[in-house]
There are 2 protein chains.
Amino acid sequence: MGKKRVTLADVARLAGLSTTAASMILTGRPDTRLSPEAHKKVHDAAASLGYRPNVAARALRTDKSRSIAFISDYVATTRFASGLIRGALAAAEEAKHVMLLLETGGEPAREIQAVEAALDRQVDGLIFAAMRAREVFVPDMAINVPVVMLNGTSARFSSSVLPDEYQGGRTAVEFLVRAGIRDDIVLLGHNAQQEEGLFRSEAISNRLRGIRDAMSDAGMAFLAEVSCWNWEPNFGYELTRKVLKTHRPRALLCLNDRLAFGAYQALGEAGLRIPEDIGLVSFDNDEIAGYLRPGLTTIGLPHEDMGHRAVQRLLEGPLTPGADLLAMPAIWRGSLPEKQA
Amino acid sequence: MGKKRVTLADVARLAGLSTTAASMILTGRPDTRLSPEAHKKVHDAAASLGYRPNVAARALRTDKSRSIAFISDYVATTRFASGLIRGALAAAEEAKHVMLLLETGGEPAREIQAVEAALDRQVDGLIFAAMRAREVFVPDMAINVPVVMLNGTSARFSSSVLPDEYQGGRTAVEFLVRAGIRDDIVLLGHNAQQEEGLFRSEAISNRLRGIRDAMSDAGMAFLAEVSCWNWEPNFGYELTRKVLKTHRPRALLCLNDRLAFGAYQALGEAGLRIPEDIGLVSFDNDEIAGYLRPGLTTIGLPHEDMGHRAVQRLLEGPLTPGADLLAMPAIWRGSLPEKQA
DNA sequence: CGGCTTTGCTAAATCCATTTAGCACATGCT
DNA sequence: AGCATGTGCTAAATGGATTTAGCAAAGCCG
């Protein structure tokens with residue numbers, strides 16, 4: 001089976017024309033003066049031979065490879081990562097591009113390697129995605145292709161795609177109001193006293209700003225705010241137990257679903273019913289949110305949209321600067337009461 | 001900033017040698033007769049110019065692009081997918097390759113497109129990964145690069161990497177024995193009567209074979225077997241409630257963690273304590289398994305190992321046929337009692 | 001010293017598609 | 001008829017590496 005690939009020269013030969021003609025016709029040049037018969041002959045020849053252009057050869061000449069690189073600090077962690085990747089992949093496919101995936105672990109050395117590997121392959125653009133960090137992590141190299149930041153920002157590259165955390169924060173509060181809960185709400189995961197000090201990230205600070213603005217707009221205030229440094233279920237569990245010792249909240253506003261999951265466990269042990277005795281709203285729309293009983297009402301992250309949008313921006317004409325804020329989908333499930341006061 | 005890329009010719013010029021010499025030296029040819037001084041001059045020149053070879057040009061000549069394609073039916077679904085991807089990515093990076101990621105949704109048309117897109121870019125190998133299906137889904141095209149099947153099998157390409165489900169099944173039973181539970185075990189998720197009819201997949205049938213073999217080896221038998229067509233938490237919940245109406249099991253052997261999660265919810269409502277009143281073992285080591293209280297003892301899938309191994313096989317010398325069965329990691333958490341009889 | 005080998009290096013071909021420059025012929029105009 | 005213009009197409013250069021074939025000088029031998 002030593003049959004080589006079909007080249008443009010083969011097509012041209014079969015069509016009885018030059019490779020120039022074949023190339024112009026197949027790439028669909030507009031201004032060409034080649035006859036309709038020539039077009040037909042070339043297309044027929046290409047079809048009958050099953051011709052596929054060699055992308056490497058084309059890239060060599062045109063400096064366009066119809067491929068982009070998705071450079072991420074982490075790939076495996078959450079559904080968030082795969083959502084971004086999937087959205088990006090879909091947009092790339094729509095634009096007939098392929099996507100290189102590269103993971104850096106947030107390590108500068110690997111970041112540099114990743115960028116070099118991508119640039120060596122003549123990619124047409126770079127997506128820098130952040131799962132954990134938010135700021136400054138683009139290696140300081142000569143990058144002469146468009147770059148879009150995804151779920152992160154950079155001083156050097158201002159084009160970015162981010163979730164609209166501020167609006168998301170507001171929505172969470174609006175959900176509480178819609179459920180008729182205006183008092184005795186505990187904020188789980190953050191503490192105003194510490195807000196100045198350890199900042200989680202700009203994203204979370206926007207989320208909190210949205211929450212606080214919506215609260216004060218509605219004339220509401222938290223019953224309490226409790227904080228922990230790690231937003232995992234067992235922290236949510238412990239925090240909730242601690243809260244229940246001194247307070248009797250009507251609702252918990254959790255800063256992510258894993259905290260809320262821990263809260264469910266503690267509330268279940270305490271014999272409190274959701275949502276009759278206590279309501280919950282949360283953020284992220286993790287997989288578990290749908291698994292809980294009752295389902296967890298949560299403000300999700302628009303993973304796929306974000307990935308999709310980032311690639312779209314990268315590939316659609318000239319790159320516009322500035323951030324693109326994508327709406328966070330609000331998912332109403334059973335953890336907030338339907339109406340009532 | 002119109003500075004072009006540094007080419008090999010630039011390096012050769014600076015070194016005062018021919019591109020031939022520069023190429024041979026930089027690619028580290030063994031049999032060359034070039035002098036040590038020439039080596040030094042070329043390396044110095046390359047370093048000082050920051051030379052990076054143009055992969056497209058090299059690929060054109062050598063038909064090797066130092067890149068592989070990871071073609072998957074689904075990317076976003078589970079942690080399983082991202083684990084495979086991550087492992088593959090790591091192995092690719094170790095071998096100084098980059099990885100194209102392509103998603104097909106299991107649709108033949110997209111599969112063909114994906115393979116073509118990959119082949120057009122001169123990839124050095126293909127990974128076909130399956131998240132849902134197990135069999136036959138490789139488009140029938142002329143593929144003249146190595147192919148490794150990941151988490152799936154194909155009649156055309158026998159090289160595959162799979163979890164050792166049989167041994168995993170045995171381990172689950174051994175865990176029950178180790179916990180001192182030999183009787184009153186309910187199998188959740190499958191039913192012997194239906195085994196012939198609706199087959200989940202070869203993977204699951206192997207898992208079940210391992211379970212049944214280990215049971216009969218130990219002279220044990222199930223108290224009951226209950227089945228459902230969808231392994232999601234709410235089915236585990238309903239199934240468990242139904243079981244509890246008629247049986248009082250000492251342990252639940254769940255065929256995946258999401259079923260087990262639903263079982264936790266039903267057991268909690270029934271006031272049964274885990275593991276004192278009832279123990280659980282399960283499969284997959286989903287994210288939730290670690291979040292549950294107590295933690296869920298489960299036989300995990302070796303995601304990252306599998307991805308890693310697949311790429312290793314793809315890139316290490318000639319491709320050997322046959323399946324590579326990878327051990328499923330057994331994770332002992334609190335859902336089985338520590339000893340006791 | 002002439003012929004053979006070895007050493008150290010290079011010219012040129014090659015991979016495949018794109019693109020520039022331009023040829024040969026036909027047509028139109030005066 | 002003579003010249004400009006238009007039409008339909010192609011030869012050759014180009015991009016950046018690898019690789020084949022082989023040249024010139026030096027060393028060795030008898």
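Below, chain A is the first sequence line, B the second, and so on; all start at residue 1.
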Could you check whether any side-chain N or O of R66(A) sits under 3.5 Å from a backbone N or O of V55(A), counting only pairs where one atom can act as donor and the other as acceptor? no

List the residues meeting salt bridge (Lys or Arg N to Asp or Glu O under 4.0 Å) with D44(A), not counting sequence neighbours, and say none if there are none. K40(A)

List the protein contact pattern of nucleotides 10-20 of chain D with one symbol per nucleotide (5' to 3'): B for base contact, S for sugar-phosphate-only contact, - for none; contact means a heavy-atom distance under 4.0 Å. BBBBBBBBBBB

Apply ring pair (Phe, Tyr, Trp, His ring centres under 6.0 Å) to H303(B) and list each qualifying residue two or more places apart in sequence or on a separate chain. F80(B)

Measure from NZ on K41(A) to C1' on dG8(D) and round the result to the nearest Å. 11 Å

Return the set of residues passing ring pair (Phe, Tyr, Trp, His ring centres under 6.0 Å) with Y74(A) (not counting sequence neighbours), or none when no residue passes. none

Non-neighbouring partners of S160(B) that pass side chain to side chain contact (heavy atoms under 4.5 Å, CB included), sequence neighbours left out: M149(B), T153(B), L162(B), A323(B)

Would you list the pairs meeting ring pair (Phe, Tyr, Trp, His ring centres under 6.0 Å) in which at least one residue belongs to residues 33-70 of chain B, sequence neighbours left out? none

Whole angstroms only, please: what is the CD-C1' distance between E37(B) and dG8(C)? 10 Å

State which residues pass salt bridge (Lys or Arg N to Asp or Glu O under 4.0 Å) with E93(B); sequence neighbours excluded, sorted by chain then number. R110(A)

Residues which pass salt bridge (Lys or Arg N to Asp or Glu O under 4.0 Å) with R156(B), listed by chain and number, not counting sequence neighbours: D140(B)

Residues from residues 117-126 of chain A sitting under 4.0 Å of DNA chain D, heavy atoms only? none

In whole Å, what is the span from the NE2 atom of H39(B) to the C1' atom of dT7(C)? 14 Å

When the C1' atoms of the five terminal pairs at each end define the local axes, what inter-axis angle does the helix from dC1(C)-dG30(D) to dT30(C)-dA1(D) show, to 10 degrees? 60°

Can you list the residues that meet the side-chain hydrogen bond (donor to acceptor under 3.5 Å, both in side chains) rule with Q113(B), with sequence neighbours excluded? none

Would you please name every residue forming a ring pair (Phe, Tyr, Trp, His ring centres under 6.0 Å) with F157(A), sequence neighbours left out? none

